[in-house]
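What follows is a short report on a single structure.
We're numbering straight along the sequence, starting at 1.
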Amino acid sequence: MSIMIEEDLKVKIEISEELKKDLLLLKNEEKQVIIHCSIYGIDFGDAARIWKSTYLIDKKTGEKYKMLFAEGISFAPPGR
């Protein structure tokens, strides 16, 4: 014999903002294209930057996908 117990729990579940951001990032990563590249400088001062307006174009659909974030490379200054 099984017994069903119903309880009226009035518990408010709170999720920290940091965790919400992490979860959103994980959700978005599932749909991302991640590009890894290496740039090797030859001369002193050789460097690379990336513009926030950088995007990828889907060859099949022509749709543009903007860059969400970049890691390990500095962004070009705005206005250039």
Side-chain angles (χ1 to χ4, degrees):
M1 170 168 68
S2 63
I3 300 172
M4 180 183 254
I5 300 173
E6 278 189 38
E7 293 183 35
D8 186 18
L9 299 176
K10 294 182 180 182
V11 177
K12 182 178 179 183
I13 298 172
E14 293 185 24
I15 301 173
S16 72
E17 290 302 315
E18 183 180 348
L19 183 55
K20 285 180 187 179
K21 288 177 186 176
D22 288 346
L23 292 172
L24 182 59
L25 181 61
L26 288 174
K27 176 185 167 192
N28 288 336
E29 280 185 4
E30 298 279 329
K31 300 174 186 176
Q32 290 180 4
V33 173
I34 299 173
I35 299 173
H36 296 270
C37 67
S38 298
I39 300 172
Y40 301 97
I42 297 172
D43 294 323
F44 178 77
D46 283 352
R49 292 186 288 191
I50 193 163
W51 275 252
K52 288 189 178 187
S53 60
T54 300
Y55 58 87
L56 297 175
I57 300 175
D58 185 322
K59 283 188 172 184
K60 289 183 181 178
T61 65
E63 189 170 350
K64 291 181 181 180
Y65 296 92
K66 65 182 178 178
M67 181 177 58
L68 299 178
F69 64 90
E71 185 177 304
I73 189 166
S74 60
F75 287 102
R80 286 193 169 177

Considering all heavy atoms, the nearest A70-I50 contact: CB-CG2, 4.2 Å
Can you name the closest pair of heavy atoms from S74 and A48 and give their distance? OG-O, 4.1 Å
Going from NZ on K64 to CG on L56, what distance comes out if it is rounded to the nearest 0.5 angstrom? 11.5 Å
Nearest heavy atoms of I15 and K20, plus distance in Å: O-CE, 3.3 Å
Closest heavy-atom pair and its distance - F75, W51: CD2-C, 4.4 Å
Within a radius of less than 6.0 Å around OH of Y55, do more than 12 heavy atoms belonging to other residues, nucleotides or ligands occur? no
I would like to know whether K21 and E18 meet salt bridge (charged side-chain N to carboxylate O under 4.0 Å, His left out); could you show each step before the answer? CA-CA 5 Å; K21 288 177 186 176; E18 183 180 348; over 6 Å; no
Value for CD (E17) from CG (L19), rounded to nearest 0.5 Å, stands at 10.0 Å
What heavy-atom pair brings K52 and M67 nearest, and what distance separates the two atoms? CA-CE, 4.0 Å
